[in-house]
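Okay, structure first, notes after.
Reminder, nothing fancy here: chain letters follow the sequence lines and each chain counts from 1.
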There are 4 protein chains.
Amino acid sequence: MSPKVSDAYKEEKRAAILEGALHCFTEKGFQATKVEDIVRHLGMSKGAIYGYFASKEDMYIQMSNGRMDAMVQSLHEQFKNMPGATDRIRFLFGRFRNQSLDEIRKWMTFHLEFMLYASRQPALVDTLAAYSNKAIQLLREIFEEGKRTGECRQDLDENAATYLFWAVRDGLALQFLLDGEAADYGRYLNEAEQMVLRYIGNASS
Amino acid sequence: MSPKVSDAYKEEKRAAILEGALHCFTEKGFQATKVEDIVRHLGMSKGAIYGYFASKEDMYIQMSNGRMDAMVQSLHEQFKNMPGATDRIRFLFGRFRNQSLDEIRKWMTFHLEFMLYASRQPALVDTLAAYSNKAIQLLREIFEEGKRTGECRQDLDENAATYLFWAVRDGLALQFLLDGEAADYGRYLNEAEQMVLRYIGNASS
Amino acid sequence: MSPKVSDAYKEEKRAAILEGALHCFTEKGFQATKVEDIVRHLGMSKGAIYGYFASKEDMYIQMSNGRMDAMVQSLHEQFKNMPGATDRIRFLFGRFRNQSLDEIRKWMTFHLEFMLYASRQPALVDTLAAYSNKAIQLLREIFEEGKRTGECRQDLDENAATYLFWAVRDGLALQFLLDGEAADYGRYLNEAEQMVLRYIGNASS
Amino acid sequence: MSPKVSDAYKEEKRAAILEGALHCFTEKGFQATKVEDIVRHLGMSKGAIYGYFASKEDMYIQMSNGRMDAMVQSLHEQFKNMPGATDRIRFLFGRFRNQSLDEIRKWMTFHLEFMLYASRQPALVDTLAAYSNKAIQLLREIFEEGKRTGECRQDLDENAATYLFWAVRDGLALQFLLDGEAADYGRYLNEAEQMVLRYIGNASS
DNA sequence: CATGAATGAGCCTTCATTCAT
DNA sequence: TATGAATGAAGGCTCATTCAT
């Protein structure tokens, strides 16, 4: 009796729509993307979409939530069995390097735009803040542990370190948002890693 | 024959409109801001604006150009008689600290949104790239000189340093875009300064 | 997959819109007719029209092309099996007489206004000229044949005759554009026919 | 005490405005001509015009009245001492031939457009009809006299002749409204003259 | 009187959403 | 459920006219 197949089908379709919409939103921006664009890109009809999402904005929000969930989730997973502050930081930078610049750009573009959008919709700021906090928390724990284990200098301000970490990472992606070589981006990521490690480490490191 | 109102008056008005529009754009975003909003905020009539600007987009572009010109200009000016790479970096961070967080947010919000917008308008990407290059150039020169004078370590990649500098600065502003305490922001700026100086400096510094 | 409404339905609607718009354009003129007027007259919504026509101007142009096509087409058809220059001229005047004065007025009003409009739009002058040439050509062939068969005097200037024919016809409609009795119009048409026949014929006729 | 100079000056200015406006109206059409266009063409200010005319429409109407007055007036004058129907017809055609095709086009364009415009303004139709009647009357008198003197055939319908005369003349101008050679226009005018004379004359002529 | 900046009603067009089929 | 034609509110821009200087 349970319509499992149907449910699976629906979920698949939902995901497909989200993917198609993401493509359009990244390409043209949320406001400039017409429902017609999404529909044409997906080869479906206008009305169909409204069976899965209440509105264009609804798609945007669910899309953003999905992406942020996935990111936080994946970081948590991968940190499960990873010890050491330095290793974790290195691991994170490794992850950043392994993402193609194109992907970074897409994600950054999408994320920035959604951030600006959400910051103006009172109903969304809390969600946004929650995700932000999770990313902050994730890093702070690293630095806190690093100080306990002595990997980080004792006078390190773990909050500052956390913010600086994300600042460097987001800021670098920002510099490459519009153009720039992937090779340069990779090189600068390496330098950023050095800079951060030097900053958090003991004087001797 | 003589103009009814002086050129100075017109320029004043132009500036006033730009200021009012900036207020609205920062508050609600470019696309979400209706011409009606700007006009109401300024207490003028709808048509009046079109004597000064060709379109809403024209206002946006001129506004952006004006701000970027001013920024680049002011940096150039203040660097005239300032020697030493370290001093210049310190000076820049000082400047950053002296701007109120509110101002930073406004500027950052505006700039990010314009960047996203312009990146999708072929006619604007070049302008955007030009301004970006000026900021890059400004910093690169500092690090190049720093290496000449020995203030920076000889193996410093001045390009990397340049990008990292802006990444830290922009990235930090980004973390505080939606919320956060001014005090924290200031503290982290200090830390950022330490991080950067440590990164570019000689091992002994 | 199959269209919700048939192509025939769409074509019907297109024609209905064109007819409604024609009514309004003839009544108030193209520029003075608001899209709102057309829509109200047709009992449809504003947006609906834009599924069939790209703009108010597009409707105007297609309308004009349709009418001119139909006219040229119908004349060609009816000339297929009609011999003799005199008979053809008589046939044409018969046609003119059979059109109600009201129809003539509508068509003339529409055509004149479109002509004035199109003459100021570089993109339309060629189309206009093409239709005009077709009407000219149609008549010239009559007079050329008339000279071959001896129905027309040998020293007749077929170009002059062509232009005079249309001049008389259009000019007469022009005199009755604003007011005048249908009976008078019919009578003058008869006289016009005599005048033209006398002009093109042999001295003896 | 009488401000004669001032009055003359005003009248001069009024005429200048009318002339400038006529230029614009003929070039772009009444509705498409912006007050700004007229003002720029004349090198005066927007407000100035409203000291002489109540509105754009007012200019249009007065302009039309002026032109029609002048035309009717001039015909009347020149007919004062001219005897004979045939001579008068010849004289009229001579007048038509002496006008440059460019002038004809301007006048025709202006007149047609005003006619279409006025026909939709109840307040103007009477004025329009009055002028039309004057032109009709002028010609009818010629043919009436022609019948009295025997220059025209006795069974001539003077009303028909009148309408046909104007039809031929207006219709021919209409054919040349958009393009065509002045030489052709002149030739066809000659032919038109022959056609009309043949039509109104005795069988022997 | 002249000037031209300001006014603001008006209009074409767009596009998210609905709903009859 | 899917379709896509229809809806209609909304918004950028125009331009005849006014009026403070």
Side-chain angles (χ1 to χ4, degrees), chain A residues 6 9-10 13 31-40 42-59, chain B residues 1-6 9-10 13-14 17 31-39 42-59, chain C residues 1-6 9-10 13-14 17 31-39 42-59, chain D residues 6 9-10 13 31-40 42-59:
Chain A
S6 177
Y9 169 81
K10 280 195 68 169
K13 194 129 196 178
Q31 323 220 37
T33 296
K34 327 262 164 266
V35 174
E36 172 71 31
D37 294 331
I38 301 172
V39 151
R40 199 185 317 121
L42 286 165
M44 51 189 336
S45 78
K46 246 189 201 150
I49 281 192
Y50 287 87
Y52 298 88
F53 300 94
S55 66
K56 198 175 82 160
E57 194 195 34
D58 183 36
M59 288 172 54
Chain B
M1 197 73 73
S2 59
K4 217 66 220 173
V5 299
S6 65
Y9 170 83
K10 284 197 71 171
K13 190 127 202 179
R14 216 190 80 98
I17 293 176
Q31 323 219 36
T33 298
K34 310 303 159 209
V35 173
E36 173 69 31
D37 295 330
I38 300 172
V39 150
L42 285 165
M44 52 189 334
S45 76
K46 231 185 213 164
I49 282 193
Y50 290 88
Y52 297 86
F53 300 94
S55 64
K56 199 177 79 158
E57 195 196 35
D58 183 37
M59 286 174 54
Chain C
M1 198 73 73
S2 58
K4 219 67 219 174
V5 299
S6 66
Y9 170 82
K10 284 196 69 171
K13 190 128 202 178
R14 216 191 81 97
I17 294 177
Q31 323 218 38
T33 297
K34 311 300 160 212
V35 172
E36 173 69 30
D37 295 329
I38 301 173
V39 150
L42 285 165
M44 51 190 330
S45 76
K46 234 186 210 161
I49 282 193
Y50 290 87
Y52 297 87
F53 299 95
S55 65
K56 199 177 77 158
E57 195 196 34
D58 183 38
M59 287 174 53
Chain D
S6 181
Y9 169 80
K10 280 196 71 171
K13 194 133 197 176
Q31 323 219 36
T33 297
K34 327 260 166 270
V35 173
E36 172 71 30
D37 295 329
I38 301 172
V39 151
R40 199 184 318 120
L42 286 165
M44 52 191 332
S45 78
K46 247 190 200 147
I49 281 193
Y50 288 86
Y52 297 89
F53 300 94
S55 66
K56 198 176 81 159
E57 195 194 35
D58 183 35
M59 286 172 55

Specify the separation, in whole Å, of atom [atom1] of [X] and atom [atom2] of [N].
X: D:F53; N: F:dT18; atom1: CZ; atom2: P; result: 16 Å
X: D:L42; N: E:dG4; atom1: CG; atom2: P; result: 14 Å
X: B:I17; N: F:dC13; atom1: CD1; atom2: P; result: 14 Å
X: A:I49; N: E:dT18; atom1: CD1; atom2: C1'; result: 14 Å
X: C:R14; N: F:dA6; atom1: CZ; atom2: P; result: 14 Å
X: B:K10; N: E:dG4; atom1: NZ; atom2: C1'; result: 9 Å
X: D:R40; N: E:dA2; atom1: CZ; atom2: C1'; result: 19 Å
X: D:M44; N: E:dG4; atom1: CE; atom2: C1'; result: 13 Å

Legend entry - Worked check of side chain to side chain contact (heavy atoms under 4.5 Å, CB included) between C:M59 and C:I38: CA-CA 11 Å; C:M59 287 174 53; C:I38 301 173; 3.9 Å; yes
Approximate separation, where rounding is to 0.5 Å, of [X] [atom1] and [Y] [atom2]:
X: D:I49; Y: D:S55; atom1: CD1; atom2: OG; result: 11.0 Å
X: B:L42; Y: B:D37; atom1: CG; atom2: CG; result: 11.0 Å
X: A:K13; Y: A:M44; atom1: NZ; atom2: CE; result: 4.0 Å

What closest approach, in Å, do [X] and [Y] show between heavy atoms, and which atom pair accounts for it?
X: C:K10; Y: C:Y52; result: O-CE2, 3.7 Å
X: D:K46; Y: D:V35; result: CG-CG1, 4.1 Å
X: B:I17; Y: B:F53; result: CG2-CE1, 3.7 Å

Phosphate OP1/OP2 of [N] contacted by [X] side-chain N/O (<4.0 Å):
X: D:S45; N: E:dT3; result: yes
X: A:Y52; N: F:dA2; result: yes
X: B:Y9; N: F:dT21; result: no

Legend entry - Contact state string [nucleotides 9-15 of chain E, B base, S sugar-phosphate only, - no protein heavy atom under 4.0 Å]: -BSBBBS
Inset, instruction - Could you provide the dot-bracket string of DNA chain E, using ( ) for intrastrand pairs, [ ] for crossing pairs and | for bases paired to another strand, with Watson-Crick or G-U pairs below 3.5 Å? - result: .||||||||||||||||||||
Inset, instruction - Return yes if some donor-acceptor pair links the side-chain N/O of C:K34 with the main-chain N/O of C:V39 below 3.5 Å, else return no. - result: no
